[in-house]
Amino acid sequence: MSDPAHELLAWFRTRQRAVPGRREADPYRIWVAEVMAQQTRIQTVAPYYDSFLERFPDIAALAASSLDDVLKAWEGLGYYGRARNLHRAARELMRDYGGRLPEDPARLRALPGIGPYTAGALASIAFGRPEPAVDGNVRRVLSRLRDLEAPSPPVLDALARSLIADADGEAGPLNQALMDLGSSVCTPRSPRCPDCPVSASCLSLERGTVSLRPGRRPRRELPHHDIGAALVWRGSMLLIARRPEDGLLGGLWEFPGGKVETGESPAEAARREVREELDVETEILRPADTVRHAYSHFRITLHLFHARWVSGGPPLAAGPADSPRWVRPDELVLYAFPAANRAIIRRLSRAEEAPHRHPGQA
DNA sequence: AACTCGGGGAG
DNA sequence: CTCCCAGAGTT
C-alpha cells in the first residue's frame, strides 16, 4: 500500500540540498529566504540572501533602515514591491509584535508581502505548524499526483493538508519535500519520473498525462516599446531621478526618459520627457547606448543619448533622498537602478577607463 | 478572475 | 526564441 507522505519524507531526508533558509532556525532569516524565493530561482537568490542578512541581520535593523538602502540590497532581484513590503512589514512587527514574527498563519497573512504561500511556509517551516505551503512546484506535483488539470487553491490546500495529516507532525519537511520534488524531479518539462519517490501513487503517470498537468494558460504576445532617455550632463555631473514608489520598478532610480510617441524620434522623446517630468531643458548631443530588455508582459528598446543641461532642474547640491538630483558618475553605484539601466552604467564605467573627453565638458 | 509586477536560467 | 519560476496585491 502506497504511503506518499512517508515516501516524501524519507526521500527528503536523503537529499537535503544547500538552500537559503533551509538550515536556518531564525524565523526572520527563513522569512527573508521565502520572500526572495517568490517567483525567483534559487541560484539567483543565494548571493542576495547572504549579503542582505549581513546588511540587515534582524528585524530591528531592517526596520531602522531607509527604503533606499533596502532597495539597493534588492537591486537586480526584481519585483521590487517585495523589498518595499518587507521593509514595511519589519516596521509593523516592531510596532505591533515587539520585533518578532507571529506564529499564527492568519496574523502572518496580514503582514504586507506575506500571502497564502509565505504564511504557510513560515508557519510550517519556522514554527512547526501543520499548514500547507502551495507554491508553483507543489501545485505541479499535486496536479500530477491526482491528475488534475487546473485545481483551485482550496482543492490544492485540501490535498496538501491530507498529506500533512499523514506526516507525523513533520509539516515543514513535508512541504519542503514537495517543493524540492517539484524543482528537481517533477519538473515542468522532461520530468524524471523513474527517480520519483511517489511515482507509484501518481495518477498522471499511470494515465500518461504527466506532460499535460497542470494545464497552461494561453499567453498573449508581448508588446514592444521604444524608450528615449538621456544622460544629462552638467559639467561632470549626471541627472538621475527616482521613480514613484507604486508601479513598475517603484522607488528605483533611473536616467530620465519615457516612451517614444508615434511620429517622434527617440532623441525627441528623451528631450520631451526630461522637460515634462523634471522641468529640465536639454540639448541632445549624440547617441550613447542602446539596450534591449524583456519584462514579463512587454519588451523595451532603451535608446540612451548624451545630452547637455541647458536650464532648470534641481540645485547641484541636494539632500540624500532628493529626486531628481545631480551625481558624479562614480556615485551611480550607490543608487538602485533597474537592470536595463544597470547595463548602461556598466558599459559607461568601462568606457570611463579609456581616456576621453566628457561630452558635457567645455 | 484578471491583471500587474522583474529578472534570469533552462531548453 | 519561449517558458516559467519557493507569489502577492489590486481591481
Side-chain angles (χ1 to χ4, degrees), chain A residues 12 17 19-22 24 30-49 71 74-86 88-89 108-126 131-142 150 152-154 156 160 172-184 186-191 211 214-224 243-252 254 291-300 336-343:
Chain A
F12 180 64
R17 293 184 306 163
V19 165
R22 176 64 53 82
E24 303 286 355
I30 297 174
W31 176 33
V32 171
E34 291 301 336
V35 172
M36 280 192 175
Q38 289 166 10
Q39 296 298 106
T40 308
R41 289 193 155 70
I42 216 61
Q43 305 91 308
T44 307
V45 166
Y48 285 89
Y49 182 68
L71 285 173
W74 208 268
E75 180 188 41
L77 254 187
Y79 282 100
Y80 298 94
R82 296 183 297 175
R84 297 193 299 272
N85 285 332
L86 202 58
R88 275 178 46 208
L108 288 166
R109 179 75 177 76
L111 290 162
I114 297 185
Y117 164 75
T118 306
L122 277 173
S124 63
I125 299 171
E131 295 291 328
V134 179
D135 64 4
N137 282 319
V138 177
R139 174 172 176 269
R140 185 172 57 257
V141 170
L142 295 176
S152 66
L156 291 167
L174 181 87
N175 285 337
Q176 294 176 77
L178 286 170
M179 298 182 215
D180 258 17
L181 188 69
S183 66
S184 64
C186 195
T187 51
R189 288 167 293 193
S190 311
S211 65
R216 301 166 191 170
R217 73 169 60 165
R219 85 181 47 251
R220 297 174 293 173
E221 71 181 72
L222 305 178
H224 178 272
R243 298 177 61 88
E245 271 197 29
D246 50 345
L248 186 69
L249 306 168
L252 273 66
E254 66 177 2
V291 173
R292 301 161 60 82
H293 190 75
Y295 295 89
S296 307
H297 45 300
F298 62 92
R299 304 171 192 282
I300 64 166
F337 280 86
N341 285 35
R342 182 56 57 184

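Labels below follow one simple rule: chain letters A, B, ... track the order of the sequence lines, proteins then strands, and each chain is numbered from 1.
Looking at heavy-atom distances under 4.0 Å, A:Tyr79 makes contact with a base. Using a 4.0 Å heavy-atom distance criterion, A:Arg342 is classed as making no nucleic acid contact.
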Kindly determine whether A:Tyr117 and A:Gln38 satisfy side chain to side chain donor-acceptor pair (under 3.5 Å), including the steps that lead there.
CA-CA 9 Å; A:Tyr117 164 75; A:Gln38 289 166 10; over 6 Å; no
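B:dC5 atom P lies 17 Å from atom CZ of A:Arg299, rounded to whole Å. Atom CZ in A:Arg243 sits roughly 8 Å away from atom P in B:dG6 (whole-Å rounding). As rounded to whole Å, 9 Å separates atom C1' of B:dC5 from atom CZ of A:Arg84. If you measure from atom CG of A:Leu71 to atom C1' of B:dG6, you get 13 Å, rounded to the nearest angstrom. The separation between A:Ile300 atom CD1 and B:dG6 atom C1' is 11 Å, rounded to whole Å. The distance between atom CD1 of A:Ile42 and atom C1' of C:dC5, rounded to the nearest whole Å, is 11 Å. Regarding A:Arg82, its CZ atom lies at a distance of 12 Å from the P atom of B:dG8, rounded to whole Å. Rounded to an integer number of Å, the gap from A:Asp135 CG to C:dC4 C1' is 13 Å.
Nearest to the side chain of A:Asn85, among B:dA10, C:dG9, B:dG6, sits C:dG9. Residue A:Ala339 places its side chain closer to B:dG7 than to any other of C:dA6, B:dG9, B:dG7.
In this model, no side-chain donor or acceptor of A:Thr44 finds a partner on the base of B:dG9 within 3.5 Å.
For the side chain to side chain donor-acceptor pair (under 3.5 Å) test, residues two or more places apart in sequence or in another chain that qualify with A:Arg342 are A:Glu75. For A:Thr40, the side chain to side chain donor-acceptor pair (under 3.5 Å) criterion is met by A:Arg82, not counting sequence neighbours.
A donor-acceptor pair is defined here as one N or O able to donate and one able to accept, closer than 3.5 Å; no such pair exists between the side chain of A:Thr187 and the backbone of A:Ser184.
Across the interface with DNA chain C, nearest-nucleotide mapping of A:Ala37 and A:Arg109 shows A:Ala37 to be the residue nearer the 5′ end.
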